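Encoded as structure tokens, the structure appears first; notes follow it.
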There are 2 protein chains.
Amino acid sequence: MSKCEQCIVREFSSLKALNKDELVKLSGCKTSRIIKKGEVIFEEGENVNGIFCIKDGVCKLTKLSPNGKDHIVKLVSKGELLGQRSMISDEPVNLSAVALEDMEVCFIPKTEVMGFFDKNNQFSMNVMKTICGDLKEADVHAVNMAQRTVKERLAETLLHLHNTYGKNEDDSLKIQLSRDELASLVGTATESCIRLLSDFNKLGLIKLVGKKITITDICKLKKIAEN
Amino acid sequence: MSKCEQCIVREFSSLKALNKDELVKLSGCKTSRIIKKGEVIFEEGENVNGIFCIKDGVCKLTKLSPNGKDHIVKLVSKGELLGQRSMISDEPVNLSAVALEDMEVCFIPKTEVMGFFDKNNQFSMNVMKTICGDLKEADVHAVNMAQRTVKERLAETLLHLHNTYGKNEDDSLKIQLSRDELASLVGTATESCIRLLSDFNKLGLIKLVGKKITITDICKLKKIAEN
DNA sequence: AGTATAATATGATATATGTCATATAAATGT
DNA sequence: ACATTTATATGACATATATCATATTATACT
């Protein structure tokens with residue numbers, strides 16, 4: 001089994017505060033798992049009892065709305081941790097995690113992580129900072145949802161996907177979302193999302209080939225996003 | 001100057017983890033302040049360098065949207081702390097705080113609080129749990145904004161105000177918000193908010209006298225909120 | 001008290017966005 | 001390879017909600 005000392009997650013996440021001994025200890029108790037595209041990592045309401053380290057791949061965090069639709073709250077990818085909030089609050093997870101592509105994740109049991117909390121101050125500080133960052137993002141998102149049009153939010157989302165996940169050799173967005181998922185991320189109906197993509201296409205801002213989306217005019221897209 | 005040992009904030013906030021000695025130390029370094037309705041406690045982008053304890057009163061946390069409108073992200077009241085996220089992230093505050101009624105707050109400098117973080121594990125755990133709770137709330141809010149109508153959100157907000165802040169002797173909501181503020185909290189235009197209040201009034205769900213709002217039919221209001 | 005200013009209210013209208021229907025294209029299963 | 005299902009696309013339409021205009025109150029000011 002691979003060792004935590006060289007793992008990519010260690011470099012980018014709160015785990016970077018752990019010292020050699022702690023990492024060795026971690027290697028001993030973690031379990032590794034391959035998750036196929038579309039598979040569920042955990043479901044809203046479940047007791048997870050630990051955190052997941054994403055070694056590779058991207059997943060969506062979704063929440064079921066009262067009307068039965070799934071809403072994508074956030075995308076989480078390689079190098080990040082999952083399930084921290086739930087572990088700290090000592091509550092079931094309030095979001096579901098579903099793989100958007102094939103993934104490789106490790107699971108660390110809660111008991112182990114809580115030990116680091118007690119003994120390693122920098123580690124708990126890192127976790128707190130991550131959660132604070134999420135909260136700040138959530139505040140920005142709330143305002144955007146309230147005050148910006150679907151068109152603006154879609155443009156912004158496309159740019160964000162471009163900046164965060166990059167592009168393939170053919171310049172299309174690397175991260176592959178269905179129209180349905182993109183709509184859910186933007187916070188709109190699927191048809192509205194498709195229609196606006198179509199508009200952007202006609203305006204020459206993006207190019208659509210199958211479900212591939214290629215941004216062809218970042219500047220104009222930015223102008224729409226920022227209004 | 002009043003002592004922290006008997007303060008109400010201590011009972012309800014993360015500070016409940018502090019022991020006698022720590023509280024005495026706190027009493028020595030805090031500064032107390034009276035804030036009049038409408039006054040600003042801090043403004044988005046400011047460096048606050050500490051946390052505020054709300055001994056009395058309620059304030060709104062607002063965020064300026066790109067189009068220049070203020071959006072109310074959250075109400076915070078007696079017994080709660082302000083500025084924790086900013087202190088942990090070591091960043092300027094990302095929200096403004098404005099008093100909705102006369103307030104009494106204490107300020108504790110960052111250096112002092114950070115000391116507790118290092119030495120008192122239960123305290124830092126409490127702070128984390130609070131922030132995690134905020135994040136969970138934010139997730140729920142995001143979904144609501146995306147998937148529920150203004151009418152549903154207004155009904156829900158009225159019920160929430162009723163449950164959280166109670167009512168006066170005449171049964172009207174204790175917390176006094178302008179239509180503008182209520183709209184901003186619900187995430188809609190002022191006129192839309194006024195119009196829907198008017199509708200609720202005609203349907204006999206609420207009663208409007210001046211800017212006072214009285215809920216007269218909780219059940220029906222709940223039905224609208226939950227739909 | 002009386003005027004100026006701001007808040008609340010309501011009507012008229014525009015428009016963004018959701019919903020329903022249907023067509024086409026792509027993916028999946030056997 | 002073919003049929004079945006699912007995803008994407010587009011049109012037609014309904015409607016929720018924002019915007020603008022204008023009363024009507026309340027509130028603040030001197």
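Letters go in sequence order (proteins before strands), and every chain restarts at 1. Everything numeric here is computed off the predicted structure, so don't read it as measured data.
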All side chain to side chain donor-acceptor pair (under 3.5 Å) counterparts of B/Asp102, not counting sequence neighbours: none
Hey, is the side chain of A/Arg195 pairing donor to acceptor with the base of C/dG18 inside 3.5 Å? no
Crowded around A/Lys110 NZ? As in, over 12 foreign heavy atoms under 6.0 Å? yes
Among the nucleotides C/dT8, C/dG18, D/dT8, whichever has the atom closest to the side chain of A/Ser178 is D/dT8
Between B/Leu182 (CG) and C/dA7 (C1'), how many Å, whole number? 14 Å
Rounded to whole Å, please give me the gap between CG in A/Leu197 and C1' in D/dT8. 10 Å
Figure out the NZ/P separation between A/Lys151 and C/dT17, and round it to whole Å. 9 Å
May I have the distance from A/Asp180 (atom CG) to C/dA25 (atom P), rounded to whole angstrom? 21 Å
N/O donor-acceptor pair, side chain B/Arg179 with base D/dT25, under 3.5 angstrom: no
note: B/Ile194, atom CD1; D/dT22, atom C1'; distance rounded to Å ~ 13 Å
Using heavy atoms to find the nearest nucleotide of DNA chain D for B/Lys69 and A/Lys202 separately, return the residue whose nucleotide is more 5′. A/Lys202
Over all atoms of both residues, closest heavy-atom pair of A/Cys59 and A/Leu82: SG-CD1, 4.0 Å
Mind checking B/Lys212 for me? I need base, sugar-phosphate or nothing, with any heavy atom below 4.0 Å counting as a touch. nothing
Nearest heavy-atom approach of B/Pro92 to B/Ser86 is C-OG, 3.9 Å
Could you tell me, to 10°, how much the axis swings from one end of the helix from C/dA1-D/dT30 to C/dT30-D/dA1 to the other, five pairs per end? 60°
Atom CZ of B/Arg153 to atom P of D/dA16: distance rounded to whole Å? 14 Å
Could you give me the CA-CA distance, side-chain angles and deciding distance for B/Leu158 and B/Leu173, then say whether side chain to side chain contact (heavy atoms under 4.5 Å, CB included) is met? CA-CA 9 Å; B/Leu158 290 174; B/Leu173 290 182; 4.2 Å; yes
Looking at B/Lys211, I'd like to know whether one of its side-chain N or O atoms comes within less than 4.0 Å of OP1 or OP2 on C/dA7. no
When rounded to the nearest 0.5 Å, the distance separating CG of A/Asp70 from CG of A/Leu61 is 11.5 Å
With a cut-off of less than 4.0 Å, is there a side-chain N or O of A/Ser198 near OP1 or OP2 of D/dA9? no
Heavy atoms from other residues, nucleotides or ligands near NZ of A/Lys212 exceed 12 (cutoff 6.0 Å): yes
Grab the CD-P distance between B/Glu181 and C/dA7 for me, whole Å please. 10 Å
Just N and O in the side chain of B/Thr190: are any of them under 4.0 Å from OP1 or OP2 of C/dA7? no
With a 4.0 Å cutoff (strictly under), does any side-chain N or O of A/Ser192 reach OP1 or OP2 of C/dA16? no
Expressed as a whole number of angstroms, how long is the span from A/Glu191:CD to D/dG11:P? 14 Å
